[in-house]
Amino acid sequence: QAQLIESGGGLVQAGGSLRLSCTASGRTFSRAIIGWFRQAPGKEREFVAAITSGGGNTIYADSVKGRFTISRDNARNTVYLQMNSLKFEETALYYCAGGWSLATTEAHYDRWGQGTQVSVSS
């Protein structure tokens, strides 16, 4: 089963940008839908964005539309999350997950990475 590894997190000032990467092992990556979720301290994990296997369709949480962009490079087994105009309240552990439905709920994803920390200073 494919393993997912997130990277690219770090500390950034409010208004800044970061690009997260989700890299997978395994031959099935190019057929999987990949989603990004985040969990802030004391809060439940929430959906951020997702992309279909070929990259032709994407969905976003309303709170990130226009600021975040999800994309993928199947030749590199990698999905990216470009995050612009970051806000203090978006400090969270960001996870990528693999699934088979383009959906916003965790139940549709059956493989998860360990997460990468994004901290936004005010």
Side-chain angles (χ1 to χ4, degrees):
Q1 195 172 23
Q3 285 188 318
L4 303 177
I5 301 173
E6 303 94 338
S7 62
L11 176 64
V12 64
Q13 285 188 328
S17 299
L18 280 176
R19 188 177 78 159
L20 305 183
S21 298
C22 172
T23 302
S25 61
R27 294 175 292 177
T28 60
F29 176 83
S30 63
R31 300 197 299 270
I33 287 166
I34 300 295
W36 284 96
F37 291 76
R38 64 189 179 190
Q39 186 167 21
K43 295 188 176 182
E44 292 188 352
R45 192 155 54 185
E46 65 175 0
F47 171 77
V48 177
I51 188 167
T52 51
S53 57
N57 288 299
T58 58
I59 54 174
Y60 295 91
D62 287 344
S63 60
V64 307
K65 282 180 182 176
R67 298 186 297 118
F68 289 15
T69 302
I70 189 170
S71 62
R72 69 191 295 160
D73 182 345
N74 285 339
R76 297 179 184 271
N77 274 11
T78 302
V79 169
Y80 303 100
L81 183 68
Q82 177 67 43
M83 306 186 296
N84 298 328
S85 302
L86 281 161
K87 303 175 182 179
F88 173 75
E89 55 267 31
E90 293 179 311
T91 293
L93 193 59
Y94 283 70
Y95 298 90
C96 67
W100 307 105
S101 299
L102 190 64
T104 63
T105 52
E106 294 185 32
H108 289 86
Y109 297 86
D110 57 5
R111 287 156 291 157
W112 293 81
Q114 295 299 306
T116 185
Q117 179 67 40
V118 172
S119 297
V120 185
S121 62
S122 57

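These values consider heavy atoms only, across backbone and side chains, with no hydrogens, waters or symmetry-generated copies.
Listed by first and then second residue, the disulfide (SG to SG under 2.5 Å) pairs involving residues 36-88 amount to none (not counting sequence neighbours). Residue pairs meeting the disulfide (SG to SG under 2.5 Å) criterion with at least one member in residues 45-86: none, sequence neighbours excluded. Within the structure, disulfide (SG to SG under 2.5 Å) contacts touching residues 60-98 (residues at least two apart or in different chains) are Cys22-Cys96.
To the nearest 0.5 angstrom, Leu81 atom CG is 13.5 Å from Arg72 atom CZ. To the nearest 0.5 Å, the span separating CE on Met83 from CZ on Arg19 amounts to 11.5 Å. We find the CH2-CG distance between Trp36 and Leu20 to be 4.5 Å, quoted to the nearest 0.5 Å. Once rounded to the nearest 0.5 Å, the distance linking CD of Gln39 with CD of Gln117 reads 10.5 Å. Once rounded to the nearest 0.5 Å, the distance linking CD of Glu106 with CD of Glu46 reads 10.5 Å. Between the OG1 atom in Thr91 and the CZ atom in Arg38 there is a gap of 9.5 Å [rounded to 0.5 Å].
Remark: Ser17 engages Gln82, Asn84 in a side chain to side chain contact (heavy atoms under 4.5 Å, CB included) (not counting sequence neighbours). Looking at residues two or more places apart in sequence or on another chain, you find a side chain to side chain contact (heavy atoms under 4.5 Å, CB included) between Thr58 and Ile51, Tyr60, Ile70. Partners of Thr23 under the side-chain hydrogen bond (donor to acceptor under 3.5 Å, both in side chains) rule, at least two apart in sequence or in another chain, are Thr78. Every side chain to side chain contact (heavy atoms under 4.5 Å, CB included) that Arg67 has, sequence neighbours left out, goes to Val64, Ser85, Lys87, Glu90. Checked against side chain to side chain contact (heavy atoms under 4.5 Å, CB included), Ser30 has the following partners two or more places apart in sequence or in another chain: Asn74. Remark: Lys65 pairs with Asp62 by the side-chain hydrogen bond (donor to acceptor under 3.5 Å, both in side chains) rule, at least two apart or across chains.
One hydrophobic cluster, built from ILVMFWY side chains closer than 4.5 Å, cannot hold both Phe68 and Tyr80; they sit in different ones.
Other residues, nucleotides and ligands contribute at most 12 non-hydrogen atoms within 6.0 Å of the CD atom of Gln114.
A donor-acceptor contact shorter than 3.5 Å is absent between the side chain of Arg31 and the backbone of Ser53. A donor-acceptor pair under 3.5 Å links the side-chain atoms of Glu6 to the main chain of Gly115, judged by distance alone.
Ile34 places a side-chain heavy atom less than 4.5 Å from the side chain of Phe29. The shortest distance between side-chain heavy atoms of Thr116 and Ser7 does not fall below 4.5 Å.
In the hydrophobic clustering (ILVMFWY side chains linked at under 4.5 Å, chained through shared members), Phe88 stands by itself. Trp100 shares a hydrophobic cluster with no other residue; no ILVMFWY side chain has heavy atoms under 4.5 Å from its own. Residue Ile33 belongs to a hydrophobic cluster whose other members are Phe37, Phe47, Ile59, Leu93, Tyr95, Leu102, Tyr109, Trp112, with links defined by side-chain heavy atoms closer than 4.5 Å.
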